[in-house]
2 protein chains.
Amino acid sequence: MTGSEKGPRERMVFSAAQLIRRDGVGATGMRDVAAHAGAPRGSLQHYFPGGKEQLVNEAVAWAGRYAGRRVARFVAGLAEPRPSALFAAMTGQWTEEYETTGALTGCPVAAATVDCAAAAASTREAAAAAFAGWRGPVAEALTGMGVPAERAEPLATLMISSLEGAIIMARAEGGVGPLTTVARELGPLLDAAVAPGDGEGAGA
Amino acid sequence: MTGSEKGPRERMVFSAAQLIRRDGVGATGMRDVAAHAGAPRGSLQHYFPGGKEQLVNEAVAWAGRYAGRRVARFVAGLAEPRPSALFAAMTGQWTEEYETTGALTGCPVAAATVDCAAAAASTREAAAAAFAGWRGPVAEALTGMGVPAERAEPLATLMISSLEGAIIMARAEGGVGPLTTVARELGPLLDAAVAPGDGEGAGA
DNA sequence: CAGCAACTATGACGCCGGTCATAGTAGCTC
DNA sequence: GAGCTACTATGACCGGCGTCATAGTTGCTG
């Protein structure tokens, strides 16, 4: 979560993602990003000659990669590799953040999509790539748990959609209710998609 | 969809919702709203002395009421009153918009949440109220279709979460794929929640 | 040390945002 | 027609934004 010992460029991308997911793209200023990253303001134009759009796009890409890696780590750490457990871990990431920090921030990819999809084509594509780079590992994990290949991608889409929507509702309500609800309601359906007698599927 | 014959105040609220759901709150200017509504700029401070925050909050509230009424109309128009059919109608609203206009815009409530939840408490509460006013009719419809009362609200939350998330993914991808996927994958689960032999439930 | 590249530092510019101030115009009542 | 209220009309203000220009600093290479 920290990433405070990387280079200034990476820190700025990271900070941009943090601020965007909290305040949205429009309300996140370049100066804010530099200040949050503890980076010199002059470095912005040096590392991101493409301006804010480039910075936002890289923040989105970073978030996509992070989410994908996170899924892989979740899968590796599950006691019982069932789809519902993976989904619970995914939603749990946000409920834990709320319990730890007391605040609920959103997903930078969702924020960038909401704020830029209609105006900036490059950001829209970055968001699409980020979602793809997130959906891929989820689908892969599902097949590894015994979900038939043709259902893995659709179910991964359903999982991410439900999670994103629940995050938004939870932020609006100021509580994690929607996150836990979605995890509870969707879990059984996900587990039911595992091919019979295939609780331990073929690995990756 | 038009609402062009109402008073200027209502037109401005409507226009605000339209612009917010396309560009987000930050990128939507007050002058833009007045222009889009064909309303005089001077009316803004007259009808919305609370400034932009008030206008945004009313747009969110309007969207919530609209969604709730829409659900009621969907239910009334369904050939077979199954939960999956209601959900298909809800997602279909967005796919149809895409096929008609060629563009995919988002949900104003989601946009307001993403952009304002951390900064403006009143907007966060307006969004929560809007979601509640949307979830209520959905849950009501589910019970009317035979879903046990204790499962109606959770399933309504799941439906709206999935829809909101799918809208975002669809906007990012530039296609309705996620919307149709979510409708197809979630439908069976929803129908399975109908109490056995209770396809035609007690009405509202 | 010269020279060059990478990076940092800062001030200025132009633009656009929300808001305020101040008139101006209906349209109605008396 | 006076007077009041509701609404409209504009221009100005101030602040913040992203961006640019320009100069200063490292720090390595030769």
Side-chain angles (χ1 to χ4, degrees), chain A residues 4-60 108 111-112 114-116 118-123 126, chain B residues 4-60 108 111-112 114-116 118-123 126:
Chain A
S4 52
E5 302 308 330
K6 307 285 184 175
R9 204 199 123 99
E10 189 169 351
R11 284 210 316 275
M12 282 191 279
V13 173
F14 175 80
S15 288
Q18 295 296 112
L19 296 179
I20 287 169
R21 85 195 192 101
R22 190 186 63 190
D23 299 321
V25 173
T28 297
M30 302 285 274
R31 291 165 172 85
D32 302 340
V33 172
H36 183 274
R41 211 189 87 201
S43 299
L44 280 170
Q45 76 183 279
H46 184 255
Y47 288 116
F48 308 97
K52 187 177 187 179
E53 189 168 329
Q54 180 187 358
L55 178 57
V56 170
N57 293 356
E58 295 206 22
V60 167
V114 165
D115 284 339
C116 307
S122 73
T123 302
Chain B
S4 52
E5 303 307 331
K6 306 285 183 174
R9 204 197 124 99
E10 189 169 353
R11 283 210 317 275
M12 283 192 279
V13 172
F14 174 80
S15 288
Q18 295 295 113
L19 296 180
I20 287 170
R21 85 195 192 101
R22 190 186 62 190
D23 299 321
V25 173
T28 297
M30 302 285 273
R31 292 165 172 85
D32 302 339
V33 172
H36 183 274
R41 210 189 88 202
S43 300
L44 279 170
Q45 75 183 280
H46 183 254
Y47 288 116
F48 307 97
K52 188 176 187 180
E53 189 168 328
Q54 181 187 357
L55 178 57
V56 170
N57 293 357
E58 296 206 22
V60 167
V114 164
D115 284 340
C116 307
S122 72
T123 302

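So that the names make sense, note that chain A is the first sequence line, chain B the second, and so on, each numbered from 1.
Residues A:Ser43 and A:Arg9 are not in side-chain contact: their nearest non-hydrogen atoms beyond the backbone lie 4.5 Å or more apart. Between B:Val13 and B:Phe48 there is a side-chain heavy-atom pair separated by less than 4.5 Å.
Side-chain atoms of A:Gln45 lie closest to C:dT10 of the nucleotides C:dC7, C:dT10, D:dT19.
Residue-to-nucleotide proximity on DNA chain D shows that, of A:Pro49 and A:Asp32, the 5′-proximal contact is made by A:Asp32. When the nearest nucleotides of DNA chain D are assigned to B:Pro8 and A:Val25 by heavy-atom distance, the more 5′-ward of the two goes with B:Pro8. Mapping A:Ala39 and B:Ala27 onto DNA chain C via the closest heavy atom, the residue that lands nearer the 5' end is A:Ala39.
Between the side chain of A:Arg31 and the base of D:dG18 there is at least one donor-acceptor pair of N/O atoms closer than 3.5 Å. Remark: the A:Arg41 side chain and the C:dG11 base include a donor-acceptor N/O pair separated by less than 3.5 Å.
Listed here is the closest heavy atom pair of A:Met12 and A:Tyr47: CE-CD1, 3.7 Å.
When rounded to the nearest whole Å, the span between CD of B:Glu53 and C1' of C:dG17 equals 16 Å. Nucleotide C:dC20 holds its P atom 13 Å from the CG atom of B:Leu44, rounded to whole Å. Rounded to a whole Å, the CD1 atom of A:Ile20 is 11 Å from the P atom of D:dG18.
At the phosphate of D:dT8, OP1 or OP2 sits under 4.0 Å from a side-chain N or O atom of B:Ser43.
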